[in-house]
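Indexing begins at 1, ligand by ligand and atom by atom, following the structure's order.
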Amino acid sequence: MTSFDSHFTMTIGGQSVDGAATFGVLNPATEEVLAQAPDCSAAQLDQAVAAARRAFPAWRALTMAQRREYLMALPAAILKHSEPLAQLLSREQGKSLADARTEIGACGQWLQAQSQLELPVVVNEDSAERRSETRRVPLGVVAALSPWNFPVLLAYWKVMPALLAGNTALLKPSPFTPLTVLKIGELVREALPPGVFNVITGGDALGPMVTAHPGIDKVSFTGSTETGKRVMESAAATLKRVTLELGGNDAAIVLPDVDVKAVAPQIFWLSLINNGQTCIAIKRIYVHRDIYAEMANALAEIARTVKVGNGQAEGTQLGPVQNRKQFERVVGMLDEAKAQGLQFLVGGEAREGKGYFIPPTFVDNPPDDARIVREEVFGPVRSLLKYCDIDEAIARANDSPYGLGASVWSSDIAKAQAVADRLEAGSVWINEAAHLSPMVSFAGHKQSGIGIENGVDGMLEYTAAQTRTVRKPPAAAAAT
Ligand code: NAD
């Protein structure tokens, strides 16, 4: 394994570019500065947008097959350098090395699969007088804004369909986790025509500058619902297209017929996947009263055996919360729960000392109006909620401004399907959760988002419909 040097540069117009200034990126397990990242100035953002605009006409003029050939360099570079990328990702994000390897591997495979997508052409009419078809054309320059929980996968799964559809792109990762994304930009810099793909990084000021920039045609954003609303507002000024993948507060409804011993470990890990910092993790667990005690004991038992620590350490299963702001937010929610007199089945106390560590925590049947139930908890804290009848459980699950995912757990699939039919969410799973695929539409309902990612529908979001009509000459019409 070769490791990377510690100098991180932006990619603008195919060139290596240092920031006008730099900012420190912390390792959340130690709170030490891991590296400096470039801080893109307004002038450098203008340069990146101008480079992307210049590259657009020639890039869109290529065939899909030609673009695909170029773009295969992306998954190839990620998979070729997977080990040093995973090491870097684990250090900047905090996740265990095993989870970082999974994210890097999944990203490579995701991009390979997405690269095979095709844009549909719909023939509307093919008569004696005319031929009309609706095809999909690229939008121009796409800005991709991504979060810190899966910094690589959620950023690059935007880049492949945007570029394949014929757009040029600008990627801006979260300031908390910019390093691995920058490195991948460096690795593919020479494989793509200059300006087709640009990577810029900066502090809190950069995102709003990107969404307000008049030279950008589309913003694909993944992050919190709160920020998503600001992105949409800013994009409105120039009517930029937006895709928003936002927060979630996914309910799992567990029917009384499940085998608790078999289901509890699955529910545990689908709740605390990536240390609970996953948009589609199970966040509210509704358990029928007949099995509530057994489920509560099983989840608490698993929580006590989980190894929480530095992601780099051998055997670590869950790392720290990714950043101080998020850590303080989760600790604030725990403090509020304590002040309300809520009980914990397990956990509840952040660890003293360096690093943003919170052990797996389950809250014992809090009321529905508790903040810990109403709001998305983006960390290793979950609520176990007791229900008596299924209509009540469904109503409580749906009583949320969010609608990202939901799951139903039962040994009777027909019964589970009937419950699933009534759930308000973009993805509904039965006897699993949080399963996504590069070829399958992923969309948030309600305040969990606007638009779709992944699959053909996801790629269509990077295009505009163009209907072309050819009036056939009278001779041709007569001959047909
Ligand atoms: P965030 O909203 O704070 O930031 C996301 C990105 O937007 C970052 O790159 C950030 O720098 C940028 N940004 C911040 N303010 C901006 C502004 N005013 N204008 C433009 N850009 C701005 O989100 P986060 O804390 O990084 O991520 C956690 C959230 O993301 C959670 O709510 C989680 O549920 C959500 N999320 C959703 C999905 C999904 O697919 N639905 C996936 C992962 C995470």
Side-chain angles (χ1 to χ4, degrees), residues 23 25 28 37 39-40 45 92-95 103 110 143-158 170-178 181-182 199-213 216 219-237 240 242-250 273-283 321-330 375-379 400-406 425-427 434 436 440-454 458 461:
F23 62 97
V25 179
D39 195 358
C40 182
L45 170 62
E92 71 169 329
Q93 206 283 338
K95 62 181 71 190
E103 179 174 346
W110 214 277
L145 304 178
S146 51
W148 45 257
N149 58 339
F150 290 89
V152 176
L153 181 61
L154 300 186
Y156 278 95
W157 85 16
K158 297 178 185 302
L170 200 77
L171 171 58
K172 190 210 81 65
S174 165
F176 292 116
T177 52
V181 166
L182 283 166
V199 185
I200 56 170
T201 52
D204 290 345
L206 186 58
M209 288 197 298
V210 170
T211 56
H213 202 292
I216 290 169
V219 178
S220 179
F221 170 86
T222 299
S224 61
T225 295
E226 204 187 340
T227 310
K229 289 176 186 175
R230 286 203 283 273
V231 168
M232 194 165 176
E233 207 179 327
S234 167
K240 291 180 182 68
V242 290
T243 297
L244 305 175
E245 290 294 350
L246 308 177
N249 199 4
D250 293 12
I273 174 175
N274 204 40
N275 208 20
Q277 303 166 120
T278 303
C279 54
I280 45 167
I282 295 172
K283 300 208 173 100
V321 171
Q322 202 283 321
N323 58 74
R324 173 159 289 281
K325 190 172 151 214
Q326 191 59 30
F327 175 76
E328 285 173 354
R329 188 176 153 86
V330 177
E375 291 187 17
E376 176 185 38
V377 187
F378 217 59
S400 169
Y402 294 108
L404 194 59
S427 300
L436 298 181
V440 175
S441 299
F442 172 49
H445 292 188
K446 302 198 266 187
Q447 292 189 32
S448 287
I450 288 185
I452 299 174
E453 288 204 288
N454 297 323
E461 299 255 330

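- There is no side-chain donor-acceptor pair under 3.5 Å between Q277 and K95.
- If you check the side chains of T222 and K158, you find a donor sitting under 3.5 Å from an acceptor.
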Tabulation required: pairs of a nitrogen or oxygen in ligand 1 and a protein nitrogen or oxygen under 3.5 Å; columns are atom names and distance to 0.1 Å; otherwise 'none'.
unit_1, atom_1, unit_2, atom_2, d
ligand 1, 2 (O), S224, N, 2.9
ligand 1, 2 (O), S224, OG, 2.8
ligand 1, 2 (O), T227, OG1, 2.8
ligand 1, 9 (O), S146, O, 2.8
ligand 1, 9 (O), K172, NZ, 3.1
ligand 1, 11 (O), K172, NZ, 3.0
ligand 1, 23 (O), S224, N, 3.3
ligand 1, 25 (O), W148, NE1, 2.9
ligand 1, 26 (O), W148, NE1, 3.1
ligand 1, 30 (O), G223, O, 3.2
ligand 1, 30 (O), S224, N, 3.4
ligand 1, 32 (O), E376, OE1, 2.7
ligand 1, 34 (O), E376, OE1, 3.4
ligand 1, 34 (O), E376, OE2, 2.5
ligand 1, 41 (N), L246, N, 3.2
ligand 1, 41 (N), L246, O, 2.7

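- Using modelled atom types, one finds a donor on one side chain and an acceptor on the other under 3.5 Å when comparing E461 with T243.
- Residue-environment remark: CE (M209) exceeds the threshold of 12 foreign heavy atoms within 6.0 Å.
- No side-chain donor-acceptor contact under 3.5 Å links E245 to the backbone of G449.
- For the pair E328 and R324, the salt-bridge criterion is met [side-chain N within less than 4.0 Å of a carboxylate O].
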